[in-house]
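To start, the structure itself, in C-alpha cells.
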Amino acid sequence: MKRRDLLKLGVAASAFGATAFGLVKSVRADAKLVLKASDVHPPGYPTVVAVEEMGKKLETATGGRLSVQMYPSMQLGGEKEAIEQAQVGAIQIARVSVGALGPVVDDLNVFNLPFLFRNTAHMEKVIDGDIGKDLLNKVTDNPNTHLVGLCFMDAGARNIYNTKHPITSVADLKGLKVRVMGNPMFVDMMNALGSNGVPMGYDQVFSALQTGVVDGAENNPPSYVFDNHYQVAKYFTLTEHLIVPEIVVFSRKTWDTLSKADQELIAKLGREAQLRERELWVAKEKEAYAKMKAAGIKIVRIADKKPFQDAVKPVWDKYGAKYAELIKRIEAVQ
Ligand code: GTR
C-alpha cells in the first residue's frame with residue numbers, strides 16, 4: 001500500500017473512532033443552541049424575568065453557546081400548548097402552573113388541593129425541601145411526561161374575582177360561572193363552592209370575562225392586574241383558596257441531546273431561578289395591590305375561611321386519599 005493510501009485509511013479510521021467514542025457528538029454539542037421558553041405572562045412579570053435571567057447566566061457560563069429566547073405574553077398560546085410544545089421539542093422551556101401540569105403528572109395534583117398549605121411560607125418550605133425535589137423527580141423520571149422538572153416558583157395565593165357583585169360569603173358564589181384552569185379538580189372545587197367551574201385556557205380568560213362568557217375567575221393579584229382582568233372584573237375577594245406554585249419544565253427530547261455538564265448547569269440555574277423569582281414576586285405583589293387601589297378595586301377580606309374550607313370538603317373526599325402519604329408529609333413541614 002502506498003503511503004498516501006495508508007494516510008487516507010488512517011483518517012477514515014480516526015473518523016470512525018471519533019464517532020464510536022462520541023467525539024463527533026461533542027463537536028455537535030459545541031454548536032450554538034438557543035433554548036426557546038414560553039410564558040403566558042407579559043415582560044416584567046416575575047416568572048418571565050427569572051427565566052430570562054437564568055438564560056443570561058447560562059449564556060455567560062457557556063460563552064454564548066447556550067442561551068434562552070423568551071416568548072412571553074402567550075405568543076405561543078396558553079399553558080396546555082406550552083406543555084405540548086415542550087413535549088415534542090418545539091420549545092425547550094415551559095413555565096406553567098402546577099394546576100395546568102397536574103393532568104399530565106398526577107403526582108403534582110396534591111398541590112392543587114384547596115387550602116392544602118397553611119400560607120405561602122408553608123408552600124415555599126415544601127417546594128424548597130425534599131417534597132419539592134421528589135415531585136420534580138416524578139416529572140423527570142416518568143417517561144410518559146417527556147419532560148424534565150427544573151424548578152418550582154412562587155405564585156402567591158389565588159382569590160376569586162367577578163363582574164357581578166362582591167363576594168363576602170360562600171352563598172354569594174351561587175350560580176356564578178367562574179373560569180378555572182384546565183384541571184377537573186378545580187371544576188369540582190368551584191362546583192363544591194356553589195358556582196359553576198368553567199375550565200378554560202389562560203389565553204381566553206380576559207375576553208371571556210369581557211364578553212360575559214364567564215362571570216368571574218380566580219387568580220393571584222399580579223395575574224389579575226398585569227393580565228388586565230381587573231379592568232373588567234371589579235369585585236375581588238381574598239379567598240386564598242389555592243396556593244399553587246408554578247413549575248418550569250424542560251423538553252426531554254432536547255435534554256437528552258445535552259452533555260451531562262450542560263444538564264447539571266441548567267439544573268443548578270433552575271434552582272437559583274426558584275429563589276430569584278421569589279424576590280421578584282414579593283415586589284410584584286406589592287405593585288399589584290397598589291394598582292388595584294389606584295383603580296378603585298375594593299378588596300373583600302374573609303375573616304373566617306372556615307365556611308369556604310368546609311364547602312370544598314367533597315374535593316378532598318374525592319382526591320385526598322390518593323395523596324394521603326404526601327399530605328401527611330406536607331402537613332408536617334413547619
Ligand atoms: C397564573 C399562573 C399562570 C396560569 C394562570 C391561570 O397565576 O401564573 O401560569 O396558570 O394563573 O390561571 O391559568
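Note that ligands are numbered from 1 as they come in the structure, with each ligand's atoms numbered from 1 the same way. Values below: every heavy atom of this structure, side chains too, minus hydrogens, waters and symmetry copies. Source: prediction; values computed, not measured. Throughout, numbering of the chain's residues begins at 1 and tracks the sequence.
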Original post:
What's in the same ILVMFWY side-chain cluster as Val49, cut-off under 4.5 Å, chained through other members?
Top reply: Leu280

Subject >> Flag side-chain contact, heavy atom, 4.5 Å: Leu147 against Phe250 >> reply: no

Original post:
side-chain contact (heavy atoms from CB on, under 4.5 Å) with Val105: which of Thr145, Val249, Ile247?
Top reply: Thr145

Subject >> salt bridge (charged side-chain N to carboxylate O under 4.0 Å, His left out) pairs, two or more places apart, involving residues 99-117 >> reply: Asp106-Lys322

Tabulated below should be the N or O atoms of ligand 1 paired with protein N or O atoms at under 3.5 Å; can you produce that?
| unit_1 | atom_1 | unit_2 | atom_2 | d |
| --- | --- | --- | --- | --- |
| ligand 1 | 7 (O) | Arg158 | NH1 | 3.4 |
| ligand 1 | 7 (O) | Asn219 | OD1 | 2.6 |
| ligand 1 | 7 (O) | Asn220 | ND2 | 3.1 |
| ligand 1 | 7 (O) | Ser223 | OG | 3.2 |
| ligand 1 | 8 (O) | His41 | NE2 | 2.7 |
| ligand 1 | 8 (O) | Glu246 | OE1 | 3.3 |
| ligand 1 | 8 (O) | Glu246 | OE2 | 2.5 |
| ligand 1 | 9 (O) | Glu79 | OE1 | 3.3 |
| ligand 1 | 9 (O) | Glu79 | OE2 | 2.5 |
| ligand 1 | 9 (O) | Arg95 | NH1 | 2.8 |
| ligand 1 | 9 (O) | Arg95 | NH2 | 3.2 |
| ligand 1 | 9 (O) | Glu246 | OE1 | 3.4 |
| ligand 1 | 10 (O) | Glu79 | OE1 | 2.8 |
| ligand 1 | 11 (O) | Arg158 | NH1 | 3.1 |
| ligand 1 | 11 (O) | Asn219 | OD1 | 3.4 |
| ligand 1 | 11 (O) | Asn219 | ND2 | 3.1 |
| ligand 1 | 12 (O) | Arg158 | NH2 | 2.8 |
| ligand 1 | 12 (O) | Arg179 | NH1 | 2.7 |
| ligand 1 | 12 (O) | Asn219 | ND2 | 3.1 |
| ligand 1 | 13 (O) | Arg179 | NH1 | 3.4 |
| ligand 1 | 13 (O) | Arg179 | NH2 | 2.9 |

Name each donor-acceptor pair under 3.5 Å that joins a side chain in residues 193-209 to protein atoms two or more places apart or in another chain, with its distance.
| unit_1 | atom_1 | unit_2 | atom_2 | d |
| --- | --- | --- | --- | --- |
| Ser195 | OG | Met190 | O | 3.1 |
| Tyr202 | OH | Asp227 | OD2 | 2.6 |

Original post:
Going only through I, L, V, M, F, W and Y residues with side-chain contacts under 4.5 Å, is there a path from Leu108 to Val315?
Top reply: yes

